[in-house]
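One structure is given below, encoded as structure tokens.
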Amino acid sequence: MSKSKALIVIPAYNEELTIEDVVRQAIRYANVCVIDDASKDKTPSILEKLKQEYQEELFVIRHVKNTHIPKGIQDGMKFALENGYQYVITMDAGLSHDPNKISEFLEYPHCDLLIGSREKVVGVPFYRRVISFLASKVMNYCISRGKFNFFGPGIKDCTSGYRRYSKEAFTKIAQTTLESVAFDFHMEALALVYKNGGTVREIGITYVFSNSSFNRKVLKLALQFAWKLFKRKWGFK
């Protein structure tokens, strides 16, 4: 895949320690769009410096007010749609995702959603592993075709944020009024792609735990979104 066909979308909030490294590594593979979600540290000034260096390869969308992951990624997808990109790759700004893996995402055969499945994890607390495991079980059931199809498509990692979306997939997400407000975006995006007939595949990645905004509130929101999907599956509003 040529460099101009894919756009790497990176939502960032107060990532002054890692954002330069992430951008410099990622931009070797494709153009990059960073959504600066109202950062209060040196992230904006670092991005401004990088923009001067990568004038035609780096794009920055600045949010005046913090909008969290869903709006950040959605704005990146809208930018990709407006500028004719064929794929969007989403990744973390804190180096949890290895930028060198981007080449494998680009080389993978066409599908609507390619998920970076966390086959190897480094420093991830046990409770986070349990939550991710259970979330995948719940999501597979919620998006399965049929009330008694308990295993669904058998996706191993439904909540990983290291992903590649096809134009059909990111167009659908860009044009949808999203319900998710935090990390539950990854669940909603998967549901949108799969339930609209999109093909979903996985590729193994190594995930390195870093400072995370995942907390009880975020977990509660994810549970609430999963409950919405469950009720809809059974015909309840």
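What you see is a predicted model; the values in this text were computed from it and never measured.
Looking at residues two or more places apart in sequence or on another chain, you find a side chain to side chain donor-acceptor pair (under 3.5 Å) between Glu20 and Arg24, Lys49. Residues satisfying the salt bridge (Lys or Arg N to Asp or Glu O under 4.0 Å) test with Asp37, not counting sequence neighbours, are none.
Looking at heavy atoms from C-beta onward, Lys78 lies in side-chain contact with Asp75 at the 4.5 angstrom threshold. Using a 4.5 Å heavy-atom cutoff, the side chains of Arg164 and Cys111 are in contact. Looking at Glu57 and Val32, their side chains never come closer than 4.5 Å, going by heavy atoms from C-beta outward. At a threshold of 4.5 Å between non-hydrogen side-chain atoms, the residues Thr159 and Phe183 do not count as touching. Looking at heavy atoms from C-beta onward, Ile143 lies in side-chain contact with Ile155 at the 4.5 angstrom threshold. No side-chain heavy atom of Val193 sits under 4.5 Å from any side-chain heavy atom of Lys172.
Here Gln86 contributes atom CD and Phe170 contributes atom CZ; the two are 7.0 Å apart, rounded to the nearest 0.5 Å. Here the straight-line distance linking atom NZ of Lys137 with atom CG of Asn140 works out to 7.5 Å at 0.5 Å rounding. Atom CG of Asn66 and atom CG of Asp36 lie 9.5 Å apart (nearest 0.5 Å). Residue Phe236 holds its CZ atom at 8.5 Å from CZ of Phe230, rounded to the nearest 0.5 Å. Atom CE of Met139 is separated from atom SG of Cys142 by 6.5 Å, given to the nearest 0.5 angstrom. Interatomic distance, NE2 of His68 versus OG of Ser180, reported as 11.5 Å (0.5 Å rounding).
Tracing side-chain contacts under 4.5 Å through hydrophobic residues (I, L, V, M, F, W, Y), one reaches Leu81 starting from Phe185; they form part of the same cluster. Cluster membership check: Leu47 does not share its hydrophobic cluster with Tyr13, using side-chain heavy-atom separations under 4.5 Å among Ile, Leu, Val, Met, Phe, Trp and Tyr. No chain of hydrophobic side-chain contacts below 4.5 Å, direct or via other Ile, Leu, Val, Met, Phe, Trp or Tyr residues, connects Met91 to Val122. In terms of hydrophobic clustering, with Ile, Leu, Val, Met, Phe, Trp and Tyr side chains grouped at heavy-atom distances under 4.5 Å, Val34 and Leu95 are assigned to a common cluster. Residues Val138 and Tyr194 do not share a hydrophobic cluster, defined by chaining ILVMFWY side chains whose heavy atoms lie under 4.5 Å apart.
A perpendicular orientation is assigned to the rings of Trp234 and Phe148, their planes being inclined by more than 60° (bins at 30° and 60°).
Residue Lys156 qualifies as open at atom NZ: its count of foreign heavy atoms under 6.0 Å is 12 or below. In this structure, Lys42 places its NZ atom where only 12 or fewer heavy-atom neighbours from other residues, nucleotides or ligands lie under 6.0 Å away.
Annotation for Ser160 and Ile115: closest pair CB-CG2, 4.0 Å, computed over non-hydrogen atoms. Contact record, Ser96 with Ser210: OG-OG, 2.8 Å, taken as the closest heavy-atom pair. Nearest approach of Ala93 to Thr18, heavy atoms of both residues: O-OG1, 2.7 Å. Between Ile8 and Ala26 the shortest heavy-atom distance is CD1-O, 3.4 Å. Of all the heavy atoms in Ser39 and Arg62, the pair that sits closest is N-NH1, 3.1 Å. Across all their heavy atoms, Cys158 and Arg163 have their closest contact at O-NH2, 2.9 Å.
At distances below 3.5 Å, at least one donor-acceptor pair connects side-chain atoms of Gln74 with backbone N or O atoms of Thr176. Here the side chain of Thr43 pairs a donor or acceptor atom with the backbone of Glu15 at under 3.5 angstrom. No donor-acceptor pair under 3.5 Å is formed between the side chain of Ser144 and the backbone N or O of Phe151. At distances below 3.5 Å, at least one donor-acceptor pair connects side-chain atoms of Gln55 with backbone N or O atoms of Gln52. Asp41 contributes a side-chain N or O that, together with a main-chain N or O of Glu16, makes up a donor-acceptor pair within less than 3.5 Å. In this structure a side-chain-to-backbone donor-acceptor pair under 3.5 Å is missing from Asp184 to Ala222. With hydrogens and angles disregarded, no donor-acceptor distance shorter than 3.5 Å links the side chain of Arg201 to the backbone of Tyr108. Checked by atom type and distance alone, the side chain of Asn31 never pairs as donor or acceptor with a backbone atom of Leu7 at under 3.5 Å. With His97 contributing its side chain and Asp92 its backbone, the two residues share a donor-acceptor pair below 3.5 Å. Glu202 places no side-chain N or O within donor-acceptor distance of the main-chain N or O of Ser117, the cut-off being under 3.5 Å.
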Where do Leu106 and Ile89 land on the side chain to side chain contact (heavy atoms under 4.5 Å, CB included) test, with the steps shown first?
-> CA-CA 9 Å; Leu106 294 174; Ile89 295 174; 3.7 Å; yes
Evaluate the side chain to side chain contact (heavy atoms under 4.5 Å, CB included) criterion for residues Asn100 and Tyr29: first the C-alpha distance (whole Å), next the side-chain angles of each, then the deciding distance (0.1 Å), finally the verdict.
-> CA-CA 9 Å; Asn100 292 317; Tyr29 302 100; 3.1 Å; yes
Side chain to side chain contact (heavy atoms under 4.5 Å, CB included) between Ile73 and His186, worked out = CA-CA 10 Å; Ile73 293 181; His186 303 308; 4.2 Å; yes
Please lay out, stage by stage, how Glu179 and Arg232 fare under the test salt bridge (charged side-chain N to carboxylate O under 4.0 Å, His left out).
-> CA-CA 14 Å; Glu179 299 178 68; Arg232 287 171 188 167; 2.7 Å; yes
Kindly indicate, with the supporting measurements, whether the criterion side chain to side chain contact (heavy atoms under 4.5 Å, CB included) is fulfilled by Arg118 and Asp157.
-> CA-CA 7 Å; Arg118 292 167 286 192; Asp157 193 342; 2.7 Å; yes
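Tyr87 has its ring centre less than 6.0 Å from the ring centre of His110. Close placement of the Tyr162 and Phe105 rings is indicated, their centers lying within 6.0 Å of each other.
Val130 belongs to a hydrophobic cluster whose remaining members, ordered by chain and number, are Phe126, Phe133, Leu134; membership requires side-chain heavy atoms of ILVMFWY residues under 4.5 Å apart, directly or through intermediates.
Using a 3.5 Å distance cut-off with no hydrogens or angles, the side chains of Thr206 and Lys101 do not pair a donor with an acceptor.
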